[in-house]
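Written below as structure tokens is the structure these notes are about.
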Amino acid sequence: MQIYNTLTRSKQEFIPLNAPHVGLYVCGPTVYGDAHLGHARPAITFDLLYRYLTYLGYKVRYVRNITDVGHLEHDADEGEDKIAKKARLEQLEPMEVVQYYTNRYHHDMELLNVLPPSIEPHASGHIIEQIEFIKKILDAGYAYVSEGSVYFDVEKYAKDFHYGKLSGRNIEELYSETRELDGQQEKRHSFDFALWKKAAPEHIMHWPSPWSEGFPGWHLECSTMGTKYLGEQFDIHGGGMDLMFPHHEAEIAQSCAALGHDTVKYWMHNNMITIAGKKMGKSYGNFITLEQFFTGEHPLLSKPFSPMTIRFFILMAHYRSTVDFSSEALEAAEKGLERLTETYQRLQKLKPSQESTVDVKGLRERCIEAMDDDLNSPIVISHLFDSARAINTVFDGKETISEQDLKELQDTWHLFVEDILGLKMTQASSAVDSNLDAYRGAVDMLLNMRLEAKRQKDWTTSDNIRNQLTALGFNIKDTKDGFEWSL
RNA sequence: GGUACCUUGCCCGAGUGGUUAGGGACCGGUCUGCAAAACCGGGGACAGCGGUUCGAAUCUGCUAGGUACCUCCA
């Protein structure tokens with residue numbers, strides 16, 4: 001399988017360090033607000049990767065962190081911890097805020113059918129490890145203590161290692177790009193970043209350390225937790241493109257400084273979701289939360305969109321391309337998904353014949369080929385649509401399919417649609433199965449009555465049943481020898 | 001200002017130096033008591049201007065427009 005590695009800016013053959021084991025680390029959310037569409041992108045992208053690697057037979061340990069400390073608000077290191085700020089505003093315990101948004105994040109992810117990671121470490125739960133990590137960097141001589149805070153010495157590091165190799169930045173540029181230094185006198189250079197930050201008196205979240213009562217720097221948690229759970233060297237590190245610099249660059253620097261070598265073999269970055277051509281993000285305030293999509297409560301949304309529509313919409317574009325959101329584009333995705341879903345259901349009911357008159361061979365191979373090419377989900381989907389045409393033709397009775405071909409098609413569709421793309425094709429939950437059966441039986445009964453009326457050319461009764469069901473929100477479709485319905 | 005990237009048909013969105021991506025919308029047809037669905041067919045495209053080439057949307061140069069990162073951000 002080929003993976004695009006940001007480090008080399010090229011596609012590379014994926015070779016695990018310790019096959020069949022694969023270590024995958026992805027930057028998770030900062031839990032101080034509801035997840036928006038932008039958060040769904042990496043979650044779904046790396047869910048796809050996780051699912052595909054698993055399908056390939058790898059034993060994947062997937063670590064996705066929860067950031068609940070250390071992110072500073074405004075003006076670099078002068079600000080207030082984001083979570084603390086939110087807590088102050090809402091009069092809540094910081095950990096209460098963390099728990100609240102973590103729960104909501106999990107709920108959204110579950111709706112999107114994003115599999116939970118193997119380990120979901122919290123930054124706040126790894127303060128000790130982070131302190132130990134800082135000590136290593138200090139011992140190696142790549143950090144300095146100033147006024148109770150510890151800063152990473154980028155200049156020193158850049159003499160011994162390549163600082164900027166991920167983002168393509170070089171230290172000379174950083175010198176010239178020095179911004180307003182407001183209150184950053186503690187640091188030797190503006191581009192030095194905090195490993196440990198002394199807490200201001202009003203700061204609620206803080207922990208004891210050898211240097212001060214304070215909190216860890218933002219970039220540190222990923223270095224610490226990544227190496228803790230996946231080892232000093234692991235296979236893949238993922239995240240949004242906007243994290244490339246400074247976050248991931250700093251992470252590389254910290255790990256190299258502490259351990260003397262790189263930790264990550266493949267860096268993968270998903271592109272942004274845009275809205276009217278502009279990045280959807282917190283800073284622009286132009287984001288739409290996932291819940292708003294699900295309820296349709298947002299001025300830019302024409303209607304509610306199901307989680308699977310959102311998932312499909314994201315999978316219809318390659319993960320390294322920007323994807324421009326619009327209600328219109330979502331509606332198109334919704335219709336496409338509907339078509340796919342209907343075809344999937346028909347495929348389950350198809351009757352095999354002696355031989356196939358349609359060519360359905362090679363679907364699995366083509367889909368695998370697309371996935372092997374840096375997770376090209378749009379191509380997989382296009383193959384499925386091609387296949388859908390053949391399936392529908394058989395369904396219409398215009399062509400036939402052999403039992404063997406049918407089985408292969410059913411298996412392949414199940415594999416790619418449900419297992420790999422992660423598109424849920426049925427909403428039935430087992431808890432209400434008996435209720436559902438009764439209700440389905442009732443609708444079937446009505447439609448069978450309609451069928452009988454049709455047979456007797458009693459169009460009045462027939463149309464009456466259909467119209468009333470339609471008014472209730474049912475979708476009735478006549479087929480060759482019966483009917484189909486959906487809500 | 002620095003760095004990187006993008007510009008594909010009405011819309012979304014893939015892709016390769018030479019042959020139809022796919023989806024949505026639209027138009028025509030088949031099927032059907034009607035409707036819906038499905039199937040078949042259709043039109044239209046590679047920002048602009050040069051260069052390399054037998055041939056470029058695909059490589060290269062310039063121009064125009066846009067975006068991202070450089071600060072919290074998925």
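A note on names: the letters A, B, ... follow the listed sequences, proteins ahead of strands, and every chain is numbered from 1. The figures that follow rest on heavy atoms only: side chains count, while hydrogens, waters and symmetry mates do not.
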- Query: Can you tell which of A:W196, A:F193, A:Y163, A:F191 makes a ring pair (Phe, Tyr, Trp, His ring centres under 6.0 Å) with A:F152?
  - Reply: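 Considering A:W196, A:F193, A:Y163, A:F191, a ring pair (Phe, Tyr, Trp, His ring centres under 6.0 Å) with A:F152 is found only for A:F193.
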
Picking from B:C12, B:C69, B:C39, the nucleotide nearest the side-chain atoms of A:R389 would be B:C39

A:K454 has its side chain closest, among B:G33, B:A25, B:C70, to B:G33

Whole-Å distance separating the [atom1] atom of [X] from the [atom2] atom of [N]:
X	N	atom1	atom2	value
A:I465	B:G33	CD1	P	18 Å
A:Q345	B:A38	CD	C1'	15 Å
A:N467	B:A36	CG	C1'	12 Å
A:F191	B:C69	CZ	C1'	18 Å

Could you check whether the rings of A:W485 and A:F474 sit parallel, tilted or perpendicular, using 30° and 60° as the cut-offs?
perpendicular

- request: Determine if A:W459 stacks with B:G33; use a centre-to-centre distance below 5.5 Å and an interplanar angle below 30° as the criteria.
  value: yes

Is the phosphate of [N] approached by [X] (side-chain N or O, under 4.0 Å from OP1 or OP2)?
X	N	value
A:S321	B:A14	yes
A:N270	B:A74	no
A:R366	B:A21	no
A:K278	B:A68	yes
A:K477	B:A38	no
A:R339	B:C39	yes

Can you tell me, in whole Å, how much space there is between the [atom1] of [N] and that of [M]?
N	M	atom1	result
B:U16	B:C46	C1'	13 Å
B:G42	B:U20	C1'	13 Å
B:G13	B:A21	C1'	10 Å
B:U30	B:A56	C1'	40 Å
B:G22	B:A14	P	15 Å

Note to self: Using a heavy-atom cut-off of 4.0 Å across all strands, would you classify A:Y284 as base, sugar-phosphate, or nothing?
What the structure shows: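 Since only primed, P, OP1 and OP2 atoms lie under 4.0 Å of A:Y284, the category is sugar-phosphate.
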
Report which part of the nucleic acid A:R466 touches: base, sugar-phosphate, or nothing (heavy-atom distance under 4.0 Å, all strands).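 Base contact.
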
- request: Decide yes or no, distance alone: a donor-acceptor N/O pair under 3.5 angstrom between the base of B:G23 and the side-chain of A:S382.
  value: no

For this session: Measure distances between side-chain N and O atoms of A:N376 and base N and O atoms of B:G15, and say whether any donor-acceptor pair falls under 3.5 Å.
Result: no

If you measure from the Lys or Arg side-chain nitrogens to the Asp or Glu carboxylate oxygens, is any gap between A:D34 and A:R104 under 4.0 Å? yes

Take A:I379 and A:K398, find for each the nucleotide of RNA chain B with the closest heavy atom, and name the residue whose nucleotide sits nearer the 5' end.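 Between the two, 5'-proximity favours A:I379.
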
